[in-house]
Number of protein chains: 2
Amino acid sequence: MTRVMTIGEAAARSGVSAKMIRHYEAIGLLSAERRANGYRSYGPQDVAVLRFIRHARDLAFPLEDVRRLLALWRDRTRASAEVKRLALSHVAALEAKAAALNAMAGSLRHLASHCAGDDRPDCPILADLEAEDGCHRQEGPER
Amino acid sequence: MTRVMTIGEAAARSGVSAKMIRHYEAIGLLSAERRANGYRSYGPQDVAVLRFIRHARDLAFPLEDVRRLLALWRDRTRASAEVKRLALSHVAALEAKAAALNAMAGSLRHLASHCAGDDRPDCPILADLEAEDGCHRQEGPER
DNA sequence: ATGGGACTTCCCATTGTGGGAAGGTCAAGG
DNA sequence: CCTTGACCTTCCCACAATGGGAAGTCCCAT
C-alpha cells in the first residue's frame, strides 16, 4: 500500500513540509519523478530519505553536511570513520556555539544580578554596554 | 580633537563596520548629520552609541532588543526594572538555545561513541538517522 | 459543471552581515 | 591643471533555512 505518493502524503509521512521537500529537491538533496500531470511522485524510499534528512536537521547538521551524510548513507562501501569524523566535527561546532551562548548568558546574568530592578534609573547593565572597550568586558585576556 | 568624523573614522573608533553603521541608520537605530557633500558626519556621542550597539550585539541581543535598550539608555527617567527584565528574558533565550545545542551535541556524541570509526561501513550514526521516528530519538517524553 | 482541495511555479520576508558595482568627492603630487 | 588613490555615496545581491502567499492547473466528489 501507498507505494506511490503525492508530495503532500510524503510530507505527512516524513514530517518534512512540502515546501521544504521542494527546496531540498531544488538544491539537489533528492530527486522526484513526475507524473504525467506534472505532480511529483514519491515512493517509500523517498520518504526514508526525507526522514533521514529531517533527523539530520534535528541534530542541526547544516544542509551541506546533510548532503555528505546522504552520500555516505547511500554508499555501501563507506568507511564509518568518515561519518564519525563528520559527526564529531559537528559536535565540536555545536559545543562551541553552546559555550559561546553560555558565556554571554553568564556575563549578562552577572550584570543583571547587580541591577536593582526597581523604579530608579541606575543600571549596571546599561553602564556596561555604555563602557569604553576593554574596560571589563571579559575576565581574562581573551583566548 | 576629532570632534567631527566621517563614517570610516566612526567605524574605526567604534568597532562597527561602515556597512553596518549605514544599516543601523537605515533601520532607525541612529541618525547621522550630512555634510554639504552628502557625507555622513559623526561626533563622539555617535561613536558612543555605536559602541553601545556593538556591546549589545556582542551579547547577542537581537537588533529589536538593541533598539529598546537604546531607548532606555537615552531615557534618564527609565526604571532599571525594565532593563533588567529585558536582559533576563534575553538570558533565558540564550540559555534555552545553549541547552538545545548541548542536547544535540550530547545525542550525537553518544552515537559517535558507538561508532567504530574504521574502514567498515557499519555505523550507528547513520543507523540512527535512518531509523523510524520515535524509535529512540529522545530519552524522555519531551518537555 | 462546479466547488474545494492539493498541486505547480515564482516571488518575498525573515536576521545580520558582507561583497561589489557605479559613481561622486577630496587631497596630494606631478 | 589634471591624475591618482582613498574615501564616500547608493543600490543590488548573497548567505542559511524556512515560511507565506499569489496565480494558475488539476483531480475528485457532488
| request: Answer yes or no: does atom CD of A/Glu25 have more than 12 heavy-atom neighbours from other residues, nucleotides or ligands under 6.0 Å? | output: yes
| task | Measure from CD1 on A/Ile27 to P on D/dA14 and round the result to the nearest Å. | result | 16 Å
| task | With sequence neighbours left out, write down each residue that passes side chain to side chain donor-acceptor pair (under 3.5 Å) with A/Arg35, or none if nothing qualifies. | result | none
| message | What is the distance, to the nearest angstrom, from the CD1 atom on A/Ile53 to the P atom on D/dT18? | response | 10 Å
| task | Apply side chain to side chain donor-acceptor pair (under 3.5 Å) to A/Gln45 and list each qualifying residue two or more places apart in sequence or on a separate chain. | result | none
| field | Residue list, side chain to side chain donor-acceptor pair (under 3.5 Å) with A/Arg78, at least two apart or on another chain | value | none
| message | Between C1' on C/dG19 and CE on B/Met20, what's the gap in Å once rounded to a whole number? | response | 13 Å
| query | Which parts of nucleotides 1-11 of chain D does protein reach within less than 4.0 Å, heavy atoms only, written one letter per nucleotide 5' to 3' as B for base, S for sugar-phosphate only and - for none? | reply | ------BSBB-
| Can you check the A/Ile21 CD1 to C/dT8 C1' distance for me, whole Å? | 14 Å
| remark: Hits for side chain to side chain donor-acceptor pair (under 3.5 Å) against B/Asp118, two or more places apart or cross-chain, chain-then-number order -> A/Ser80, B/Arg120
| task | Carefully, step by step, assess A/Arg57 and A/Tyr24 under the rule side-chain contact (heavy atoms from CB on, under 4.5 Å). | result | CA-CA 12 Å; A/Arg57 288 294 301 144; A/Tyr24 294 154; 4.0 Å; yes
| note | When rounded to whole Å, the CE to C1' distance for the pair A/Met5 and D/dC27 reads 19 Å
| query | With a 4.0 Å cut-off on heavy atoms, is B/Phe61 in touch with a base, just the backbone sugar-phosphate, or nothing at all? | reply | nothing
| said: Is there a side-chain contact between B/Ser17 and the phosphate of C/dT17, meaning an N or O under 4.0 Å from OP1 or OP2? | reply: no
| query | Expressed in angstrom and rounded to an integer, what is the separation of B/His23 atom NE2 from C/dG18 atom P? | reply | 11 Å
| said: Rounding to 10°, can you tell me the angle the first-five-pair axis of the helix from C/dA1-D/dT30 to C/dG30-D/dC1 makes with its last-five-pair axis? | reply: 40°
| query | Rounded to whole angstrom units, what separation is found between the CD atom of A/Glu64 and the P atom of D/dA16? | reply | 7 Å
| said: Taking side chain to side chain contact (heavy atoms under 4.5 Å, CB included) as the criterion, tell me which of B/Val16, B/Ile21, B/Leu29, B/Leu70 meets it with B/Val49. | reply: B/Leu70
| said: If I compare all heavy atoms of B/Leu88 with all of A/Arg109, which pair ends up nearest, and what's the gap? | reply: CD2-NH1, 4.5 Å
| field | Gap between atoms CZ and P, on B/Arg35 and C/dT25 respectively (whole Å) | value | 14 Å
| message | Using modelled atom types and a 3.5 Å cut-off, is there a donor and acceptor pairing between side-chain atoms of B/Arg51 and backbone atoms of B/Gly15? | response | no
